[in-house]
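Written out below as structure tokens is the structure these notes cover.
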Amino acid sequence: MRLSKEKAPYLFISPFFILFAIFGAFPILFSFFLSFNQWDGLSAMQFVGFENYLLVLTDPWFWKSIKNTLVIFVLTTIPQHLIALSLAFILNSAKVKFKEFFRSAYFLPYITSSVAVSLIFMTLFGEHYGIINAVLKYVSNFPGVEMLFNLINAELPIRWLNSAKWLKPAIAILITWKFTGWNMIIYYAGIQKIPESLYEAAEVDGASLFDKFFRITLPLLKPIIFFGVTMSIIGNLRIFAEPMILTGGSGGPGQSGLTTAMYLYKTGFEWTQFGVGSSMAYILCALIVTLSLLNNKFFNKEI
Amino acid sequence: MSLISNSQDNPQESSNVKYTLQRILLYTVLVVGAIVTLFPFFYMLIIATRTRADIFTFPPPIWFGDSFIDNLNILLNKMPFFRNIFNSIVIAVSTTFMTMFFCALGGYGFAKYDFKWKSQLFFLMLGTMMIPALLRIIPWFIMMRQFGWINTFWPLIIPGIANPFGIFLMKQFMDDIPNSIIDAARIDGCSEFQIFYKMALPLSLPGLGTLGILTFLASWNRYMQPLLILQEKSMYTIPVALSKLQGKIDQNWGAQMVGTTLAIAPIIIAFVLASKQFISGITEGATKG
């Protein structure tokens, strides 16, 4: 049997549609059905209407996990994009060499496993024996630094992973460290597309480095910044491995490190509440869409 | 250069001083950034070579010790770690090759044929990318249980081998193949599949490389799905094995860091050897996708 030119394309694209029907479309519909039922996966399913949705929307831990996720999002996204933009701008400057080395070095955290780097950061964040606290203790001997610590109310040694106050910053530091390089690569690719002649013309007019950054680079990068921030929104709502490892699966003191993805996992698989978990997934989905639309609006209006 | 110095009031010397100061400032920022980025990996190696007593002293050690082999033995007592590495390799390699094949096939179908409903099907496919993965994790797990796929590698390999991102990426590369050589091959009597396999596939090697790197990385580092599916030590992938070690080796961070080192060493070595391909691959993946 010879495949005709007319039928061949349907056969070639069919693997996606078959796999999506089985592993994508069906689970999504099944999930919708489950969200109106109570089920632990073993006993008989029981129809409960909107009860699961009400349960999730009135669950203080759910709102806490949303709040945690948003706080971590703000704590990590702002430094991530500011650092990434500045590094990309500096790397693009004709004044620096070894561009390849720096680019590769910054990118390394992105390609390593989240579980592995979370474990490394657990040792760094150690309360009594961690190197971060050791360094902080050393620099706190300088008078100005001590005042700074008092200002942000930091008591040494900082209980990074064992206090509600510091757990979110700790997670944010790890995520910033891991994803800044990726953002930098994206910004760097965008900056390289800006014609050199624009900078040269600005230099002739006596523009400083700062002028060039704020008047040329930043406005022209707007679409890429939008792309990067959108990716950060989606990525942050998925954050799972980092808080899971850093809190040993517990969510930390007072659930201060419980993210939404982690809470969904616990509801579904530790407490086998498949129905409640499914309704939570739908609520999260609505949240992701809303945040993406808000981001869209903000970038169209403000900048 | 002469234009700039003529247009400024300052003499050449002071602009040279300014230039040097600027360079020092830029390099300082870059070097501090690189140190902050690389230090955790360096410190991982220090802990991996230290005894438990060394690690729990203050101030903490800042240079290598000689307990790497001891720590490795502690690790292997608790977890069949080389088996776990083997599992990760089997899953990542088979996922990568199958994904490259099926995404190239789909990309070729969309790039080089005209057929009814083509653009509708294409946008439908792209639309599915917007669905958050968390939406299907619970029913997906229930299905895998129904299939009898718990504690097997299938759920980690099969579902993603023809994914919209890969098909889209490959279509972008296949669009550039000239139609004339495809028509010529057809006249020579090649079958549709032969044209794909013998001409389109070799001509889109850069695209396949990009997709291969992205797929391998995603598979190697994946955590939530293998954590759900793999339930025996001998079946764990590296991230699952590492996370299950937590608490089991009684705060023996040395052994834990040996495991972490073994987990990320292959990726880092591959990256150092081919960092250009990695970075351009991932940039293309993000900007074309």
Side-chain angles (χ1 to χ4, degrees), chain A residues 2-3 5 8-10 12-13 15-16 19-20 23-24 27-28 30-31 34 41 87 90 93 95-96 102-109 111-116 119-121 123-124 128-129 131 134 185-186 189 203-204 209 238 240-241 245 248 261 264 268-269 274 277-278 281 284-285 288, chain B residues 3-4 7 22-23 26-27 29-30 33-34 37-38 40 43-44 47 55-56 58-60 102 105-106 108-110 113 115 125 128 132 134-136 138-140 142-143 159 162 164 167 191-193 217 221 223-224 228 239 242-243 246-247 253 256 260 263-264 267 271 275 279 283 286-287:
Chain A
R2 205 177 163 88
L3 191 60
K5 194 183 155 192
Y10 292 106
F12 290 173
I13 65 169
F16 163 73
L19 287 175
F20 180 73
F23 298 103
I28 289 163
F30 187 40
S31 189
L34 270 179
L87 287 178
I90 293 175
S93 158
K95 297 190 182 83
V96 297
F102 285 115
R103 215 158 66 114
S104 307
Y106 297 144
F107 199 60
L108 202 53
I111 60 166
T112 46
S113 140
S114 295
V115 174
L119 287 167
I120 298 174
F121 271 72
T123 68
L124 301 178
H128 297 293
Y129 306 103
I131 189 103
I185 294 289
I186 302 296
E203 202 149 316
V204 173
L209 207 60
R238 279 206 303 239
F240 173 71
I245 300 291
L264 177 66
F269 302 112
F274 290 145
S278 297
L284 275 180
C285 193
I288 292 178
Chain B
L3 191 73
I4 298 167
S7 71
Q22 251 181 17
R23 272 186 73 161
L26 296 184
Y27 273 116
V29 176
L30 287 178
T37 310
L38 296 178
Y43 201 68
M44 166 188 81
I47 300 280
I55 296 163
F56 291 101
F58 193 89
F102 283 106
L105 191 65
Y108 180 66
F110 277 121
Y113 290 95
F115 51 93
M125 181 189 82
T128 65
L134 282 176
L135 198 55
R136 56 183 187 225
I138 288 174
W140 178 83
I142 297 168
M143 275 173 72
I167 293 174
S191 75
E192 297 300 313
F193 185 74
L217 275 179
N221 292 338
Y223 178 51
M224 198 199 271
L228 286 170
L242 281 178
S243 74
Q246 244 191 322
W253 282 105
Q256 183 92 59
T260 309
I264 63 180
I267 298 284
F271 180 67
S275 69
I279 292 177
T283 319
T287 48

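Nothing here was measured: the structure is a model prediction, and the numbers come from that model. When reading the values below, keep in mind they use all heavy atoms of this one structure, side chains included, and skip hydrogens, waters and symmetry mates. Each chain gets a letter, A, B and so on, in the order its sequence line appears, and its residues count up from 1.
Without hydrogens or angle criteria, B:N221 side chain to A:I111 main chain gives a donor-acceptor distance under 3.5 Å. For A:S31 (side chain) and B:L135 (main-chain N/O), a donor-acceptor pair under 3.5 Å exists by modelled atom type.
Using a 4.5 Å cut-off between heavy atoms, B:L30 contacts chain A through both its backbone and its side chain. A:L34 touches chain B through its side chain: at least one heavy atom from C-beta onward sits under 4.5 Å away, while N, CA, C and O do not. In this structure, chain A has a heavy atom under 4.5 Å from the side chain of B:M143, while its backbone stays farther away. Within the 4.5 angstrom heavy-atom criterion, atoms from both the backbone and the side chain of B:F115 approach chain A.
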request  = Kindly determine whether A:L119 and B:W253 satisfy side-chain contact (heavy atoms from CB on, under 4.5 Å), including the steps that lead there.
outcome  = CA-CA 9 Å; A:L119 287 167; B:W253 282 105; 4.3 Å; yes
request  = Let me see the working for A:F23 and B:R136 under side-chain contact (heavy atoms from CB on, under 4.5 Å), right down to the final yes or no.
outcome  = CA-CA 8 Å; A:F23 298 103; B:R136 56 183 187 225; over 6 Å; no
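Between B:F271 and A:L108 the shortest heavy-atom distance is CD2-CD1, 3.2 Å. The two residues A:A116 and B:I264 have their closest heavy-atom pair at CB-CG2, 3.6 Å. Contact between A:A261 and B:M224 at its shortest, heavy atoms only, is O-CE, 4.4 Å. Here the shortest heavy-atom pairing between A:A281 and B:L134 reads CB-O, 3.9 Å.
The ring-ring contact (aromatic ring centres under 6.0 Å, His included) check on A:F240 picks up A:Y265, B:Y223, with sequence neighbours excluded. When the ring-ring contact (aromatic ring centres under 6.0 Å, His included) test is applied to A:Y106, no partner is found at least two apart in sequence or on another chain.
Atom-to-atom distance recorded for A:I131:CD1 and B:Y43:OH is 4.0 Å, nearest 0.5 angstrom. Here the OG-CD1 distance, from A:S278 to B:I142, works out to 6.5 Å after rounding to the nearest 0.5 Å. Atoms CZ and CD1, from A:F107 and B:I279 in turn, are 6.0 Å apart once rounded to the nearest 0.5 Å. In this structure, B:Y27 OH and A:F102 CZ are separated by 7.0 Å, a value rounded to the nearest 0.5 Å.
Of the listed residues (B:P40, B:S191, B:G106, B:A263), the one with the most heavy-atom contacts under 4.5 Å to chain A is B:P40. Here A:F16 is the residue among A:Y10, A:F16, A:F274 with the most heavy-atom pairs under 4.5 Å with chain B. In terms of heavy-atom pairs under 4.5 Å with chain A, the best-connected choice from B:P159, B:P132, B:G109 is B:P159. Chosen from A:I288, A:L87, A:L264, A:L284, the residue pairing most often with chain B at heavy-atom distances under 4.5 Å is A:L264. Ranking B:I167, B:T260, B:I47 against chain A, the residue ahead of the rest is B:T260, based on heavy-atom pairs under 4.5 Å.
The shortest side-chain heavy-atom distance between A:I13 and B:Y113 does not fall under the 4.5 Å cut-off. A 4.5 Å side-chain heavy-atom check between A:L19 and B:F102 finds every atom pair outside the cut-off.
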